[in-house]
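Here the structure is laid out as structure tokens; the discussion comes afterwards.
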Amino acid sequence: MRVDEHLEKLGNQLDGIDQQLLVLLNERARIAAAIGQRRESLGLPTYDPAREKRKLAELTKQNPGPVDNARLERLFEEIAEVPHEKQRTEGKRQLLVSRKTKSEDTVVRVKDAVIGGSAHVLVAGPCSVESREQMRAVAAAMKSVGLNVLRGGAFKPRTSPYDFQGLGREGLKLLKEVADEFEMVTISEIMSPSQLEYAAEYIDVIQIGARNMQNFDLLKAAGQMNMPVLLKRGIAATLDEFVYAAEYVMAGGNERVMLIERGIRTYEKWTRNTLDISAVPLLKQETHLPVLVDVSHSTGRKDILLPCAKAALAAGADGIMVEVHPEPQAALSDSGQQIDIGQFRAFWSGLSGSGLFKRCT
Ligand code: PEP
Ligand code: MN
């Protein structure tokens, strides 16, 4: 039953306008989002409040009515909020390290080593490079079981300035000599952008240590390098901070970034740090980067390395790091936690025999 023809017509007109508004509102939101993205890529804040204010003043000046200006302002404020609302509900800016940006696992290839993907890596070597004989002893033991990623610190971030600070550039040279002899890949910590300038002469992978995880100049400089970076989690860093530190390196254009959980400081005293196993699946889930676990600096002990390494692999880690020294009791740094060659062999047979460690084929 038709109540009133005129009324019906007006109702239909209103419905038509609402349909148009729906199209226009969505079209507007799409364009506003594109502006936001463009502004973000130019490093500008996504929202330009001054522009919004000017536009609103213009619109109220042109307003023919009958909608009053106060209402118009409220409506436009609401409308302009649409893309920002969306951004808020979708969360923060999408990071380069994020799985959302790149769904496949990043695989870092360096010489004969492959880190990430389907195989595991065991990185071993002394805390500090001390001598050629020391490095050769560890390298030979590793090589005899087919392991080829050798670590050794030349620049040591020591708590006390009176403790052994590392052999510096000489240490890098020794590391390279021994690695060349045994055809191995090397990882060593770099502490400052100035050291990075010659790092590529000697080492294959730059390690950024826990104490430097938020050394932003170093992260930026490492981002400019054409070398893989192994980034350690800071001593008390949240995963958010860890991931942002990796983002610094990637934002500089360096895509070969690897993360390594090395324990965080808690109240627990039975271990040097607390190995955060949950970090492994979380980092694997949220980022596409290889994730390793340093069982030596996290536990600070020699007796629970194997179960911790197994736990790391079971949790999805791409590799393990362990400190090995031919004579741990005489080591110039971290003497309490380094295992000797015999213990290393036992550790390796336990790990490789566990069925958890997948070798590169
Ligand atoms: C190291 O690996 O030699 C080291 C100093 O570790 P971290 O930065 O994790 O303390
Ligand atoms: Mn150490």
Side-chain angles (χ1 to χ4, degrees), residues 115 121-130 134-135 138 149-161 163-168 171-172 174-175 185-192 195 199 203-215 218-219 222 228-239 241-242 245-246 249 257-266 271-276 279-280 283 291-302 305 308-309 312 317 319-340 343-344:
I115 307 170
V121 66
L122 176 60
V123 180
C127 180
S128 300
V129 176
E130 296 169 12
Q134 170 226 25
M135 293 309 299
V138 181
V149 188
L150 181 65
R151 64 150 283 151
F155 297 99
K156 297 304 298 179
R158 304 305 300 280
T159 301
S160 165
D163 286 341
F164 177 59
Q165 302 287 305
L167 297 180
L172 294 186
L174 273 178
L175 180 61
V185 172
T186 57
I187 302 184
S188 199
E189 176 164 359
I190 292 296
M191 295 205 294
S192 75
Q195 292 160 4
I203 58 174
D204 302 304
V205 178
I206 299 158
Q207 177 172 315
I208 295 184
R211 288 152 196 83
N212 275 310
M213 189 205 81
Q214 282 191 320
N215 179 339
L218 182 60
L219 297 173
V229 173
L230 178 65
L231 179 65
K232 292 197 132 191
R233 181 177 182 181
I235 287 173
T238 64
L239 293 179
E241 289 163 341
F242 192 15
V249 182
V257 182
M258 299 171 278
L259 303 172
I260 177 160
E261 158 65 30
R262 46 78 73 204
I264 46 173
R265 183 167 288 174
T266 69
T271 49
R272 179 177 177 181
N273 290 290
T274 295
L275 172 55
D276 179 8
V280 177
L283 292 168
V291 176
L292 281 74
V293 168
D294 175 343
V295 287
S296 293
H297 292 90
S298 51
T299 64
R301 321 176 47 124
K302 310 178 190 200
L305 297 177
C308 290
I320 302 295
M321 178 182 272
V322 66
E323 282 189 340
V324 183
H325 192 292
E327 242 186 311
Q329 63 288 353
L332 298 179
S333 59
D334 284 349
S335 72
Q337 74 190 27
Q338 301 198 64
I339 50 174
D340 66 23
Q343 289 163 332
F344 169 68

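Computed over heavy atoms, backbone and side chain alike; hydrogens, waters and symmetry mates excluded. Each residue takes its place number in the sequence, starting with 1. Please read all numbers here as calculations on a predicted model, not as lab measurements. Whatever order the structure lists them in is the order used to number ligands and atoms, beginning at 1.
Side-chain N/O atoms of T299 and T271 include no donor and acceptor closer than 3.5 Å.
Partner of M321 under the side chain to side chain contact (heavy atoms under 4.5 Å, CB included) criterion, out of L122, V293, I260: I260 alone.
With E241 contributing its side chain and A237 its backbone, the two residues share no donor-acceptor pair below 3.5 Å. Proximity of a side-chain donor or acceptor of E130 to a complementary backbone N or O of L332 within less than 3.5 Å is detected. The main-chain N or O of H325 is never found under 3.5 Å from a side-chain atom of E327 such that the two would form a donor-acceptor pair. A donor-acceptor pair under 3.5 Å is absent between the side-chain atoms of Q337 and the main chain of D334, judged by distance alone. Between the E189 side chain and the M191 main chain, no donor and acceptor come within less than 3.5 Å of each other.
Distances from atom 8 (O) of ligand 1 to the heavy atoms of S298, G166, C127, A210 put A210 nearest. Nearest to atom 3 (O) of ligand 1 by heavy atom, out of Q207, M213, R151, is R151.
Close approach of ligand 1 to G209 is summarised as follows: ligand atoms under 4.0 Å from at least one heavy atom of the residue are 8 (O). For ligand 1, the atoms lying closer than 4.0 Å to a non-hydrogen atom of K232 are 1 (C), 2 (O), 4 (C), 6 (O), 7 (P), 8 (O), 9 (O). Distances below 4.0 Å separate heavy atoms of R262 from the following atoms of ligand 1: 7 (P), 9 (O), 10 (O).
The shell of residues lying under 4.0 angstrom from ligand 1, judged by heavy atoms, excludes R233.
Contact of the I187 side chain with the V149 side chain is registered, since non-hydrogen atoms from C-beta on lie closer than 4.5 Å.
When hydrogens are left out, the protein atom nearest atom 4 (C) of ligand 1 is H297 NE2, 3.5 Å; that is the closest non-hydrogen contact.
Around the Mn ion (ligand 2), protein N, O or S atoms at a distance under 2.8 Å total 4; waters are neither shown nor counted.
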Tell me, with the steps shown, if R233 and D276 meet salt bridge (charged side-chain N to carboxylate O under 4.0 Å, His left out).
CA-CA 10 Å; R233 181 177 182 181; D276 179 8; 2.8 Å; yes

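One distance of note links OG of S296 with CZ of R151; it measures 8.0 Å at 0.5 Å rounding.
The shortest N or O to N or O distance between E189 and ligand 1 is not below 3.5 Å. Checking only distances, R211 does come within under 3.5 Å of ligand 1, N or O to N or O.
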